[in-house]
Amino acid sequence: MASFLQERLMGPMAEYWAWTLVQPLQTQIAMLMGLLVVTILFLKTLTGMLNSRRPPCVGGIPIIGGFLKFIKGPLPLMDAAYAKHGSVFSVNIFHKRMTFLIGPEVSSHFFKANDLEMSQKEVYEFNVPTFGKGVVFDVDHKVRIEQFRFFAEALKKNRMRTYVGMMVMEAEAFFDKWGDEGEVDLLQQLSDLIILTASRCLMGKEVREQLFEKVSELFHHLDMGMLPISVVFPYLPIAAHRKRDWARAELSKIFSKIINNRRDSGQSEPDVLQAFIDARYKNGTGLSDDEITGMLIAVLFAGQHTSSITSTWAGLHMLAHKQMVWPQAEEEQRKIIKTHGDELNFDIINEMDHLHCCVKESLRIHPPLIMLMRMCQKPFTVTTRDGKEYDIPKGEIVATSPCKAHRLEHVFKDADKYDPFRYMPPRAEDKATPFSFIGFGGGSHGCMGEQFAYMQIKTVWSVLLRKFDLELISPLPEPNYEAMVVGPKGPCLVKYKRRNL
């Protein structure tokens, strides 16, 4: 039997090596490298199969099967895998393995773990060409923590009070330009307004008042340079990437001039740009002009699309369910006007609980990001609702999905139904289990711009509710899951008529 096996195995192997020896050296090297890669992938797959405590793996063609399913659409893949395997499952994407943790019971470690246990850097490094060197995902853990402190300082409550005043000013001026009645595309209008408020609060009055069109054009090139292919090949020499790199360099020149003018004149402004100019590391050093530019780009990218999309979804759902929620939204504004007059400020907007729940519910149903990812740096064990335990090893990509997690029936009753009242006492469904609502992430890497986003969106809708009666005249659009940030697909047409509430 042994000699039979030797003949069956070694005979073809000997023929293979004899054939390779007569090939050119380059061909031999390429063949050996290919064989080595296939062998490594096979051994990694076999190791996973032999370890019964590893999560079940989505089937398909070996090596590339998971990738093919993934690029067809992460959501269909997650739906099918969740139905078959439950809340924990893996997908092999070439030489990497991605494990999904879907639902609050299994995702707590994803959110609670620090950067030394579950790291963002490795999975988000594709942002480096856009943000720039020396910031966020191009620095080590200790520097990134300090830079996140700069973000937090720029968005703390005393600064938010000033930002809300700027938001109100921009929103009222923007809607004063509407006629007495007409039709608009809500997504287009709110996208234009959000970039105006963002430029005023984040980039400063110099950009808003003198350089808005130029800077907006450059940010558009940065935005267009963030393609799906950019996630895998961020430095691929394509036209979109060349425009992105040119725009990034031009923005650095513009902000460097503004920064130097402020420093030379001793001028200080109440905006995020100034917060970054004044920021200091623990060793006393500050950010370079280019790093300040990168921090501003990171803030704008984190908030601009998500805020414009969420404010649009909030309006679309309130209008699509007008009888359910619109009268309460108007009555809330009437009560506030009776108490505070026409003024809108940080504290007054914080009183708008009904409007807050309407925005939050839109964000639950349509979170702008399909997936959140980390790189596992320390092995951990996860336990499912039914008691199954799975081991997640170091080096594995770990992901969760707000889109999928927010539609789980055991977490949110009638999860596919728009119901802002689910957040109000006594129901408070989002608080029953930690990390049920993850529209802004959560835990150690929760979005520091959450309060800014709510304030921005609620300011916009407070002004609209007070000035206009609105009616949705196009069908409620489907979400565009082909986009990097998931917004409405198709027109968002609204009819407006000016009136005083």
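Hydrogens, waters and symmetry mates play no part in the numbers below; they use all other heavy atoms, side chains included.
Taking CD1 of Ile438 as the reference point, atom OG1 of Thr400 lies at 4.5 Å (rounded to 0.5 Å). One distance of note links CZ of Arg334 with CG of Leu501; it measures 4.5 Å at 0.5 Å rounding. Atom-to-atom distance recorded for Phe175:CZ and Glu172:CD is 10.0 Å, nearest 0.5 angstrom. Arg159 contributes atom CZ, which lies 7.5 Å from atom CD of Glu153 (distance to the nearest 0.5 angstrom). Atoms SG and CE, on Cys358 and Met324 in that order, are 9.0 Å from each other to the nearest 0.5 Å. Note: Trp461 CH2 to Leu190 CG = 6.5 Å, rounded to the nearest 0.5 Å.
Looking at Met203 and Phe212, their side chains never come closer than 4.5 Å, going by heavy atoms from C-beta outward. Using a 4.5 Å heavy-atom cutoff, the side chains of Phe219 and Leu222 are in contact. Two residues are said to be in side-chain contact when any heavy atoms from C-beta on lie closer than 4.5 Å; Phe131 and Arg248 fail this criterion. Looking only at side-chain heavy atoms (C-beta outward), Ser90 and Val58 stay at 4.5 Å or farther from each other. Between Asp180 and Lys497 there is no side-chain heavy-atom pair separated by less than 4.5 Å. Under the 4.5 Å side-chain criterion, counting only non-hydrogen atoms from C-beta, Gln451 is in contact with Met160. When side chains are defined from C-beta on, Arg161 counts as touching Asp347, because their heavy atoms get closer than 4.5 Å. Looking only at side-chain heavy atoms (C-beta outward), Pro479 and Lys489 stay at 4.5 Å or farther from each other.
Ion pairing between Glu209 and Arg200 holds under the 4.0 Å rule for side-chain N and carboxylate O. Salt-bridge formation is detected for the pair Lys322/Asp469: a Lys NZ or Arg NE/NH1/NH2 atom is positioned less than 4.0 Å from an Asp or Glu carboxylate oxygen. Between Glu181 and Arg498 there is no salt bridge, since none of the side-chain N atoms of the basic residue sits less than 4.0 Å from a carboxylate O of the acidic one. Salt bridge absent: Glu183 and Lys495 never bring a charged side-chain N and a carboxylate O closer than 4.0 Å. Using a 4.0 Å cut-off between charged nitrogen and carboxylate oxygen, Glu330 and Arg499 count as a salt-bridge pair. At a threshold of 4.0 Å, the pair Lys121-Asp138 does not count as salt-bridged, since none of the basic side-chain nitrogens sits closer than that to a carboxylate oxygen.
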Residues Lys205, Asp271; criterion salt bridge (Lys or Arg N to Asp or Glu O under 4.0 Å); working and verdict: CA-CA 8 Å; Lys205 71 174 188 178; Asp271 50 44; over 6 Å; no
Please lay out, stage by stage, how Arg54 and Asp391 fare under the test salt bridge (Lys or Arg N to Asp or Glu O under 4.0 Å). CA-CA 5 Å; Arg54 292 288 296 277; Asp391 296 330; over 6 Å; no
Between Tyr82 and Phe100, does the ring-ring contact (aromatic ring centres under 6.0 Å, His included) criterion hold? Intermediate values first, please. CA-CA 9 Å; Tyr82 186 91; Phe100 288 83; over 10 Å; no
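Counting only N and O atoms by type, the side chains of Glu389 and Thr381 include no donor and acceptor under 3.5 Å apart. Of the N and O atoms on the side chains of Asp223 and His305, at least one donor lies less than 3.5 Å from an acceptor on the other residue. Thr384 and Ser87 form no side-chain donor-acceptor contact under 3.5 Å, judged by distance and modelled atom types alone. Under the 3.5 Å distance criterion, with hydrogens and angles disregarded, a donor-acceptor pair is assigned to the side chains of Asp192 and Gln188. For Thr197 and Glu170, the side-chain atoms include no donor-acceptor pair closer than 3.5 Å. With no hydrogens or angles considered, a side-chain donor-acceptor pair links Glu105 and His410 at under 3.5 Å. For the residue pair Asn127 and Glu125, no side-chain donor N or O sits within less than 3.5 Å of a side-chain acceptor on the partner. Counted by atom type alone, Tyr423 and Glu429 present zero donor-acceptor pairs between their side chains at under 3.5 Å. For the 3.5 Å distance criterion, the side chains of His340 and Glu351 qualify, holding a donor opposite an acceptor.
Other residues, nucleotides and ligands place more than 12 heavy atoms under 6.0 Å from the NZ atom of Lys467. For Lys243, the NZ atom sits in a loose shell: 12 or fewer heavy atoms of surrounding residues, nucleotides or ligands are nearer than 6.0 Å. Counting heavy-atom neighbours within 6.0 Å of Lys431 NZ, excluding the residue itself, gives a total of 12 or less. Atom CD of Glu478 has 12 or fewer neighbouring heavy atoms from other residues, nucleotides or ligands inside a 6.0 Å radius. The environment of CG in Asp342 is sparse: at most 12 heavy-atom neighbours from other residues, nucleotides or ligands sit within 6.0 Å. Within 6.0 Å of CG in Asn158 there are more than 12 heavy atoms belonging to other residues, nucleotides or ligands. Residue Glu213 places its CD atom among 12 or fewer non-hydrogen atoms of other residues, nucleotides or ligands, all under 6.0 Å distant. Within 6.0 Å of CZ on Phe233 lie no more than 12 heavy atoms contributed by other residues, nucleotides or ligands.
Of the candidates Ile349, Leu344, Asn350, Asn350 is the only one forming a side-chain contact (heavy atoms from CB on, under 4.5 Å) with Phe346. No option in Lys360, Arg364, Lys413 other than Lys360 meets the salt bridge (charged side-chain N to carboxylate O under 4.0 Å, His left out) test with Asp430. Checked options Pro488, Ser191, Cys492; the residue passing with Asp185 is Cys492 (criterion: side-chain contact (heavy atoms from CB on, under 4.5 Å)).
A pairwise comparison of heavy atoms in Gly442 and Phe435 identifies C-CE2, 4.1 Å as the closest pair. Contact record, Ala247 with Leu218: CB-O, 3.4 Å, taken as the closest heavy-atom pair. Closest non-hydrogen pair, Glu332 versus His354, comes out as OE2-N, 2.8 Å. Contact detail for Ile194 and Gln304: the closest heavy-atom pair is CG2-O, 3.7 Å. When all heavy atoms are compared, the tightest approach of Tyr418 to Ile365 is CA-CD1, 3.5 Å. When all heavy atoms are compared, the tightest approach of Leu155 to Gly449 is CD1-CA, 3.9 Å.
The backbone N or O of Ser362 lies less than 3.5 Å from no partner atom in the side chain of His366, so there is not a single donor-acceptor pair. Using modelled atom types, one side-chain atom of Tyr496 and one backbone atom of Gly179 make a donor-acceptor pair closer than 3.5 Å. A distance-only check finds a donor-acceptor pair linking the side chain of Thr306 to the backbone of Ala302 [under 3.5 Å].
The aromatic ring centroids of Phe440 and Tyr454 lie less than 6.0 Å from each other. Between His445 and Phe111, a ring centre-to-centre spacing not shorter than 6.0 Å is recorded. Phe137 and Phe126 have their aromatic ring centers separated by at least 6.0 angstrom.
Ring orientation note: the planes of Trp178 and Phe468 are tilted relative to one another, at an angle of 30° to 60°. Under the 30°/60° scheme for interplanar angles, the aromatic rings of Phe412 and His406 are found to stand perpendicular.
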